[in-house]
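Single-structure report; data block below.
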2 protein chains.
Amino acid sequence: MDEYRETELKKRISESTIRRLSLYHRALETVEENGKETVSSKELAKMEKLTPAQVRKDLSFFGSFGTRGLGYPVTDLKVKIARILGIDRIWNIALVGVGNVGSALVSYKEFARQGFKIVKLFDNDQRKIGSNHKGIVVSDVKNIVSELSGSEIEMVVVCVPGSVAQFVVDDIVKAGLRAILNFAPINLKVPDNVFVRNENMAMELEYLSYALVNNHSKNRVK
Amino acid sequence: MDEYRETELKKRISESTIRRLSLYHRALETVEENGKETVSSKELAKMEKLTPAQVRKDLSFFGSFGTRGLGYPVTDLKVKIARILGIDRIWNIALVGVGNVGSALVSYKEFARQGFKIVKLFDNDQRKIGSNHKGIVVSDVKNIVSELSGSEIEMVVVCVPGSVAQFVVDDIVKAGLRAILNFAPINLKVPDNVFVRNENMAMELEYLSYALVNNHSKNRVK
DNA sequence: TCATCTATGTGAAAGCCTTCACAAAATAGG
DNA sequence: CCTATTTTGTGAAGGCTTTCACATAGATGA
């Protein structure tokens with residue numbers, strides 16, 4: 001296989017592999033900035049704390065991108081991974097809930113840098129509706145279905161309290177959108193063709209808490 | 001086994017199990033609010049989109065908390081999971097990088113609610129140093145080693161740009177801290193006894209991008 | 001008290017993901 | 001052109017995680 005095409009793909013690619021593709025992509029950006037033209041699986045692995053075999057196996061699901069004895073062409077591989085991930089384009093995004101977290105994300109440079117463009121804001125607070133955040137006027141969330149339906153927006157970031165997140169998400173689904181990044185600490189119910197990713201920052205601190213309390217060590221010899 | 005003790009534990013508990021404990025904990029909070037006194041593995045599973053067998057297996061690593069024919073005692077199980085996770089106490093936390101994301105987290109209620117208390121702020125920007133965020137005065141990051149060493153702070157949230165994150169983390173390690181929640185999009189190098197959790201929000205959007213472009217469906221029949 | 005029902009706890013099986021190990025392919029240097 | 005070296009691509013093995021399936025134990029109701 002020389003080039004990846006989803007329609008030809010039989011095997012399901014695991015979630016872990018896709019997440020690592022993101023890591024390879026950012027590692028390749030770094031390598032490219034340093035002016036290197038080729039990079040080995042060993043070097044990529046070291047940069048992201050993985051094994052060389054893992055890197056090669058992941059990439060092999062999508063094609064043969066490397067040259068034996070030499071490694072992978074940096075820019076070329078970066079472009080190919082971007083194409084696989086679908087980040088070789090601009091994605092227009094709406095954000096609901098312009099609170100602390102929401103307004104931080106409006107200005108979050110990493111989103112913009114990767115082509116994720118927040119173009120619409122919603123809130124239910126009359127004091128916020130009509131106000132301007134980084135050039136975007138906040139709309140009333142009660143119009144969300146009509147404003148998103150048939151628009152150029154394909155993803156929504158949800159930063160509302162848990163108590164109302166399900167209602168907001170029901171509307172997003174009603175508008176026909178299929179990709180949601182959820183910051184509310186609840187399990188959202190959506191149809192099977194809608195994708196939800198959860199960002200649960202408190203959960204990560206809980207994991208750290210567990211690790212400290214149980215005195216784990218990555219290297220522990222038992 | 002009736003009660004969980006780490007020192008007696010032989011088998012390593014998987015990361016996924018610990019993450020799910022957080023989910024069970026929040027589900028139990030909801031169930032408790034609704035006034036129920038017992039809950040079955042089936043109900044817990046439904047709330048977090050898992051399987052009943054998964055719930056029972058996870059809990060069984062730590063003890064026998066349920067009653068056959070009846071289910072689990074809600075409050076009791078919640079308290080026991082909190083103890084396992086180490087969230088039956090207050091954790092004092094420092095935050096470095098009072099930018100968009102950093103200052104949003106200072107006001108993030110979910111942290112406070114779970115006992116994660118941000119008590120110290122650092123930045124390298126002279127305009128921010130000395131300013132007040134929610135009652136906390138921002139300190140100069142160049143004093144971070146001395147200010148953290150031997151303090152009551154045990155975790156650090158890092159919200160600085162990728163280009164300086166490694167330097168900040170080196171200082172955190174130097175100060176003897178062992179738990180870091182990292183928002184910078186780089187792989188941090190730390191000794192094996194230091195725990196790092198990465199919060200990579202752009203990566204989650206990249207996953208959504210991949211899912212949309214490749215028209216996956218959780219239920220696809222191949 | 002006894003029969004029925006419900007839901008846990010857990011070995012075993014199945015499934016999934018990572019690592020191993022090596023043939024193959026290309027480079028590099030003479 | 002030939003040999004030594006490097007590094008990929010990949011079946012197979014190994015290891016880890018989830019799911020299955022059922023014995024067990026307590027609840028419930030007559």
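Residue numbers begin at 1 in each chain, while the letters A, B, ... track the order of the sequences. No experiment lies behind these values; they were computed from the predicted model shown.
Distance OH (B/Tyr24) to P (C/dT8): 12 Å, rounded to an integer number of Å. Atom CZ of B/Phe62 and atom P of C/dG9 are 14 Å apart (whole Å).
Proximity of B/Tyr72 to the phosphate of C/dT6: no side-chain N or O atom is located under 4.0 Å from OP1 or OP2.
Residues forming a ring pair (Phe, Tyr, Trp, His ring centres under 6.0 Å) with A/Tyr108 (at least two apart in sequence, or on another chain): A/Phe111. Residues satisfying the side-chain hydrogen bond (donor to acceptor under 3.5 Å, both in side chains) criterion with A/Asn198, sequence neighbours excluded, are A/Asn182. By the side-chain hydrogen bond (donor to acceptor under 3.5 Å, both in side chains) test, B/Lys42 pairs with no residue at all, sequence neighbours left out. Applying the side-chain hydrogen bond (donor to acceptor under 3.5 Å, both in side chains) rule to B/Ser40 yields the partners B/Glu43; only residues at least two apart in sequence or on another chain are considered. Residues passing the side-chain contact (heavy atoms from CB on, under 4.5 Å) test with B/Pro185 are A/Arg26, A/Glu110, sequence neighbours excluded. With sequence neighbours left out, A/Thr75 forms a side-chain hydrogen bond (donor to acceptor under 3.5 Å, both in side chains) with A/Glu32. In terms of the salt bridge (charged side-chain N to carboxylate O under 4.0 Å, His left out) criterion, residue partners of B/Arg20 (sequence neighbours excluded) are, by chain and number, B/Asp58.
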Output field dot_bracket for DNA chain D (Watson-Crick or G-U, both distances under 3.5 Å, | for other-strand pairs) contains ||||||||||||||||||||||||||||||
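Atom CD of B/Glu37 is surrounded by 12 or fewer heavy atoms from other residues, nucleotides or ligands within 6.0 Å. The number of heavy-atom neighbours closer than 6.0 Å to NZ of A/Lys189, taken from other residues, nucleotides and ligands shown, is above 12.
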Per-nt protein contacts along nucleotides 13-20 of chain D (heavy atom under 4.0 Å; B base, S backbone sugar-phosphate only, - none) come out as ----SSBB
In B/S/- notation (B base, S sugar-phosphate only, - none; protein heavy atoms under 4.0 Å), nucleotides 24-30 of chain C written 5' to 3' is BBS----
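Here the straight-line distance linking atom CE of A/Met201 with atom CE of A/Met203 works out to 12.0 Å at 0.5 Å rounding.
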Please list, one pair per line, the donor and acceptor atoms closer than 3.5 Å that link side chains of residues 87-98 of chain B to other protein atoms, with sequence neighbours excluded.
unit_1	atom_1	unit_2	atom_2	d
B/Arg89	NH2	B/Glu154	OE2	2.8
B/Trp91	NE1	A/Ser209	OG	3.1
B/Trp91	NE1	B/Gly86	O	2.8

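Under the 4.0 Å criterion applied to side-chain N and carboxylate O atoms, B/Glu15 and B/Arg197 are assigned as salt-bridge partners. Salt bridge annotation for B/Asp76-B/Lys80: present, with a cationic side-chain nitrogen under 4.0 angstrom from a carboxylate oxygen.
Against DNA chain C, the stretch residues 26-46 of chain B makes heavy-atom approaches under 4.0 Å through B/Ser40, B/Ser41.
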